[in-house]
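Remarks on the structure that follows.
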Amino acid sequence: MENNYFFKGSTANNPDLSWSQVRETVVMLELASTQIEYAMNDSNKSVDILTTSFTELANTMTKICNGFAKLVDYEKDNTVKDSELQETKKTLQTISSYANSLIIKAIVAFQFYDKLAQRISHVNGSLSSLRELVSDGRKIFQPEEWVNLQQKIKSKYSTPEEIAMFDAVVNGMPIQEAIEKYCPPQDEEENIELF
């Protein structure tokens, strides 16, 4: 049987007789694990995109090299028709354009990796702040210190979805439900700006 005591969320804003620093600690640890899970899900997609993009890019570059070799041969051969030469150039342009799109996908995936690193850094900072609070005997039993910790952690979130997820978990929403509701899978190309 699940103990609902720990799944009520934070009551630091309105402490009552059942307020507990243990529950506050569990909520903060749940938030950290949620953030890691969310970041890892996104990073797995980025690694898959990188692997596919670089494999396809290598194959595409081979086609481009073969196409240029064919052009050089055509230039040496005076019997080649102009239409064949033009068709080869058109094919090279199409392949080059495709290679460019693969490079853009790789750049987007690398930007998601950077986002992962930032999220993990935020989790590390959150856990450090939590450690400081629970190791200070004067602060650990003060609900307002937990509210301050929550505000400090919340201020590190960079997207509206992460902030909404934070608020939901602190208010008692189960982790998996918060992830599904506020952090759905995103289209990688939708939210990235190329440099």
Side-chain angles (χ1 to χ4, degrees), residues 29-128 153-169 173-195:
L29 290 173
E30 284 180 330
L31 281 165
S33 71
T34 300
Q35 196 173 15
I36 290 170
E37 182 179 348
Y38 177 51
M40 294 307 295
N41 287 341
D42 275 353
S43 73
N44 289 338
K45 290 184 273 183
S46 295
V47 169
D48 291 343
I49 290 169
L50 281 171
T51 302
T52 302
S53 294
F54 282 121
T55 301
E56 288 183 36
L57 187 57
N59 293 333
T60 302
M61 294 309 292
T62 300
K63 290 177 184 177
I64 290 172
C65 290
N66 292 340
F68 277 114
K70 195 174 184 180
L71 278 179
V72 169
D73 289 343
Y74 282 171
E75 287 179 356
K76 292 178 185 175
D77 185 357
N78 291 332
T79 62
V80 174
K81 296 178 184 173
D82 190 47
S83 62
E84 291 177 69
L85 185 60
Q86 294 305 319
E87 185 63 33
T88 301
K89 287 180 179 179
K90 185 177 177 182
T91 300
L92 278 172
Q93 286 177 332
T94 301
I95 294 171
S96 296
S97 178
Y98 179 65
N100 186 54
S101 73
L102 292 172
I103 291 168
I104 290 171
K105 282 184 181 181
I107 290 169
V108 168
F110 276 124
Q111 289 178 326
F112 270 88
Y113 178 78
D114 182 53
K115 192 174 176 181
L116 167 69
Q118 290 175 19
R119 286 178 179 163
I120 298 298
S121 175
H122 292 159
V123 170
N124 186 43
S126 297
L127 292 174
S128 292
I153 291 171
K154 184 177 177 179
S155 72
K156 302 291 183 190
Y157 287 100
S158 57
T159 67
E161 295 82 13
E162 290 173 316
I163 292 168
M165 178 193 65
F166 175 91
D167 288 337
V169 171
M173 182 180 283
I175 290 173
Q176 195 56 44
E177 186 180 332
I179 288 175
E180 290 169 5
K181 184 172 183 176
Y182 297 106
C183 303
Q186 298 176 348
D187 181 7
E188 284 81 2
E189 294 179 21
E190 220 173 75
N191 301 315
I192 298 296
E193 294 177 21
L194 297 176
F195 14 64

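We number each residue from 1, following the sequence as shown.
For K156 against H122, the heavy-atom pair with the smallest separation is O-CE1, 3.1 Å. Across M165 and A178, no two heavy atoms sit closer than the pair CG-CB, 3.9 Å. Contact detail for T88 and G67: the closest heavy-atom pair is CG2-O, 3.9 Å.
At a threshold of 4.5 Å between non-hydrogen side-chain atoms, the residues V108 and I49 do not count as touching.
Annotation: the span from T62 atom OG1 to N66 atom CG amounts to 6.5 Å, rounded to 0.5 Å. Separation of atoms CG (L92) and OG (S97) is listed at 12.5 Å; rounding is to 0.5 Å. Residue Y157 holds its OH atom at 10.5 Å from CZ of R119, rounded to the nearest 0.5 Å. Atom CG in L102 sits 9.5 Å away from atom OG1 in T52 (nearest 0.5 Å).
In this structure, E84 has no side chain to side chain donor-acceptor pair (under 3.5 Å) partners at least two apart in sequence or on a different chain. With sequence neighbours left out, the side-chain contact (heavy atoms from CB on, under 4.5 Å) criterion links F54 to L50, L57, A106, F110. K89 meets the side chain to side chain donor-acceptor pair (under 3.5 Å) test with no other residue; sequence neighbours excluded. Residues passing the side-chain contact (heavy atoms from CB on, under 4.5 Å) test with Q118, sequence neighbours excluded: D114. Every salt bridge (Lys or Arg N to Asp or Glu O under 4.0 Å) that D167 has, sequence neighbours left out, goes to K154. Judged as a side-chain contact (heavy atoms from CB on, under 4.5 Å), and not counting sequence neighbours, the contacts of T91 are E87, I95.
Under a 3.5 Å cut-off, the side chain of E162 and the backbone N or O of T159 do form a donor-acceptor pair.
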